[in-house]
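Note on naming: letters A, B, ... go to the chains in the order of the sequence lines (proteins, then strands), and numbering restarts at 1 for each one.
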Number of protein chains: 2
Amino acid sequence: RAHVIVIGNEKGGSGKSTTAMHLIVSLMKMGFTVGSLDIDARQGTLTRYIENRTAFNAKKGLKLPTPEHRPIYRSEVSDGNEAKLDERDRFTSALGEMVVGCNFVVMDCPGSDNYLSRLAHACADTLITPINDSFIDLDMLARIDPDTLDIKGPSIYAEMVWDARKRRAGIDGGTIDWIVMRNRLSHLDARNKRDIAEIVEKLAGRIRFRPAPGFGERVIYRELFLKGLTLLDLREKGVGIPMSMSHMAARQEVRSLLEVIGFKPSDG
Amino acid sequence: RAHVIVIGNEKGGSGKSTTAMHLIVSLMKMGFTVGSLDIDARQGTLTRYIENRTAFNAKKGLKLPTPEHRPIYRSEVSDGNEAKLDERDRFTSALGEMVVGCNFVVMDCPGSDNYLSRLAHACADTLITPINDSFIDLDMLARIDPDTLDIKGPSIYAEMVWDARKRRAGIDGGTIDWIVMRNRLSHLDARNKRDIAEIVEKLAGRIRFRPAPGFGERVIYRELFLKGLTLLDLREKGVGIPMSMSHMAARQEVRSLLEVIGFKPSDG
Ligand SMILES: Nc1ncnc2c1ncn2[C@@H]1O[C@H](COP(=O)(O)OP(=O)(O)OP(=O)(O)O)[C@@H](O)[C@H]1O
Ligand SMILES: Nc1ncnc2c1ncn2[C@@H]1O[C@H](COP(=O)(O)OP(=O)(O)OP(=O)(O)O)[C@@H](O)[C@H]1O
Ligand SMILES: [Mg+2]
Ligand SMILES: [Mg+2]
């Protein structure tokens, strides 16, 4: 059955949808069949990204690969328990179809806590959590001492992942491989960067995740959204956008993430 | 009664909590009494920022001004309609106390759509929406043509603000002054920056907001969170953090935002 990769972080704007799209395109380029679920369907970033890609293919007569994609909307039912049953049915049936037909299923979660997001987390084989290089983003993972930078205790998203791991173990005895990657890294700010790196390293042992090197702040990660493209598509004929030094560096960042997930360098 | 400033954007991580804190501290430095409501209480960034400030004051024996602050949690009631009544009661009573005692009330909203956030938006005199310099963030305001960069139509957050304006007019005939500010602006990426600026300018006329110059990507906006400080506190004795060129530039960015909101340069 398909390997499920969930992109999650209750903190907003940490790069979940961006990471999800780049991962999806990478997997397809490696020759895998990929299914994707947009768990943040109202905002719909991933759904729009893929619609834009389909439109680009049509306009240019291209065949850039696209995943089998389904948005999962929140229920509009007013009774809280009925709403959860409705959401669980639609989620389970969409996922059920994909796990048989695809090698990988990638799920993009919202930057907020809700029942659908918790369902998705409890199904993860791999959970990837991008974070901004910031004490504000770290505040969702742990409370930090302002003077020593010591970890004072886990915070709400770390607790949510803890719950998801218990539920996953309860479902089928499975475990969640949790990877935390720093995103939008600046080339400057040496001291803040060192502080964050130090905290992430301590935290990795405490709340059990593996840190990944992460992505730099690069306009190439966001300027191609309207065309549904990623930097990984730039070598395809017909795409018509030139490569640059920043593109090469970004390509290597994506490869490094794939290696941390478990792919061999030759795959990427 | 107090002037209500709501910081809102359904898109995550656009800088709402960061902007809210810097605005609150600026207003207090101008001598105004400020109340603040954390409408994103589970995530609690603003609430934690203020708790960190109170702890810093206690530890250093300082008296840096703090707002009268209340987090407003989402209801845990399972019936959807009962939950809304519960949220509305708590929100209205917290706001009611603040509007009489304070000159300004600042509300920090979540990066997702919910009933409390919509209530807050419908009470705004001024609505400030920070956005990342990105087509992904713009996608929440409008659908954009990938080739011409023309506005094809409003998107979900613009529609949410439209609703809030109708509700506000219905409540007391009031209007919402909507300001959109670009955040985390890079010094590079000239073409993407120009494209975004061009779209924002067109959009301002279409969905009726005033663009503000916005904040650059600067570590000073985020490195002081654990101490509850902002760059505006750095000149206070006892704070012990030196000023720099980036700090001076950031101070000017905050002043420019205040001017767009309606304060005279001499106030800031
Ligand atoms: N490495 C990067 N370099 C440059 N820009 C980036 C990078 N990663 C993300 N961005 C930009 O940062 C913003 C937030 O990214 P994204 O929308 O992927 O985050 P998210 O976690 O999915 O947000 P939400 O919580 O709202 O779902 C977007 O404007 C995106 O284009
Ligand atoms: N101008 C800036 N310069 C540098 N970092 C910034 C700036 N503005 C925001 N940040 C950082 O970007 C991230 C998102 O900012 P913030 O938490 O204020 O956004 P938000 O809109 O409140 O997010 P959410 O939707 O999760 O509530 C944080 O890590 C913050 O420290
Ligand atoms: Mg997203
Ligand atoms: Mg916030």
Identify the residue among B:Asp137, B:Asp189, B:Asp133 that makes a salt bridge (charged side-chain N to carboxylate O under 4.0 Å, His left out) with A:Arg222.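 Checked B:Asp137, B:Asp189, B:Asp133 against A:Arg222; only one passes salt bridge (charged side-chain N to carboxylate O under 4.0 Å, His left out): B:Asp189.
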Against chain A, work out which of B:Lys227, B:Arg184, B:Arg143 has the most heavy-atom pairs shorter than 4.5 Å and name it.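 Between B:Lys227, B:Arg184, B:Arg143, the count favours B:Arg184.
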Option in B:Asp147, B:Leu188, B:Asn52 with maximal non-hydrogen atom pairs under 4.5 Å from chain A: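 Of B:Asp147, B:Leu188, B:Asn52, B:Asp147 has the most heavy-atom pairs under 4.5 Å with chain A.
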At a heavy-atom separation under 4.5 Å, does [X] approach chain A through its side chain, its backbone, both, or neither?
| X | result |
| --- | --- |
| B:Leu149 | side chain |
| B:Asn132 | side chain |
| B:Thr18 | side chain |
| B:Ser14 | neither |

Who wins among [options] for the most heavy-atom pairs under 4.5 Å with chain B?
| options | answer |
| --- | --- |
| A:Lys16, A:Met140, A:Glu82 | A:Met140 |
| A:Asp40, A:Asn114, A:Val219, A:Asp139 | A:Asp139 |
| A:Ile156, A:Asn81, A:Ile144, A:Leu224 | A:Ile156 |

Would you list the pairs meeting side-chain hydrogen bond (donor to acceptor under 3.5 Å, both in side chains) in which at least one residue belongs to residues 190-201 of chain A, sequence neighbours left out?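 For residues 190-201 of chain A: none.
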A quick test of your reading: do over 12 heavy atoms of other residues, nucleotides or ligands sit less than 6.0 Å from NZ of A:Lys152?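 Atom NZ in A:Lys152 is crowded, with more than 12 foreign heavy atoms closer than 6.0 Å.
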Backbone of A:Gln43 reached by a side-chain donor or acceptor of B:Glu10 within 3.5 Å: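 Not confirmed, B:Glu10 side chain does not pair with A:Gln43 backbone.
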A:Arg42 side chain to B:Asp113 main-chain N or O, any donor-acceptor pair under 3.5 Å?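 Between the backbone of B:Asp113 and the side chain of A:Arg42 there is no qualifying donor-acceptor contact (under 3.5 Å).
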Taking it one step at a time, do B:Ser155 and A:Arg48 satisfy side chain to side chain donor-acceptor pair (under 3.5 Å)? CA-CA 12 Å; B:Ser155 189; A:Arg48 284 268 248 254; 3.0 Å; yes
For the atom pair CG (A:Leu226) and CZ (B:Phe135), what is the distance rounded to the nearest 0.5 Å?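 Those atoms lie 5.0 Å apart.
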If every non-hydrogen atom of A:Lys59 is compared with every non-hydrogen atom of B:Pro146, which pair is closest and at what distance?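 Minimum heavy-atom separation between A:Lys59 and B:Pro146: NZ-CG, 3.9 Å.
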Among side-chain atoms of A:Ser186 and B:Arg218, is any donor-acceptor pair under 3.5 angstrom?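 Note: A:Ser186 and B:Arg218 side chains miss the donor-acceptor criterion.
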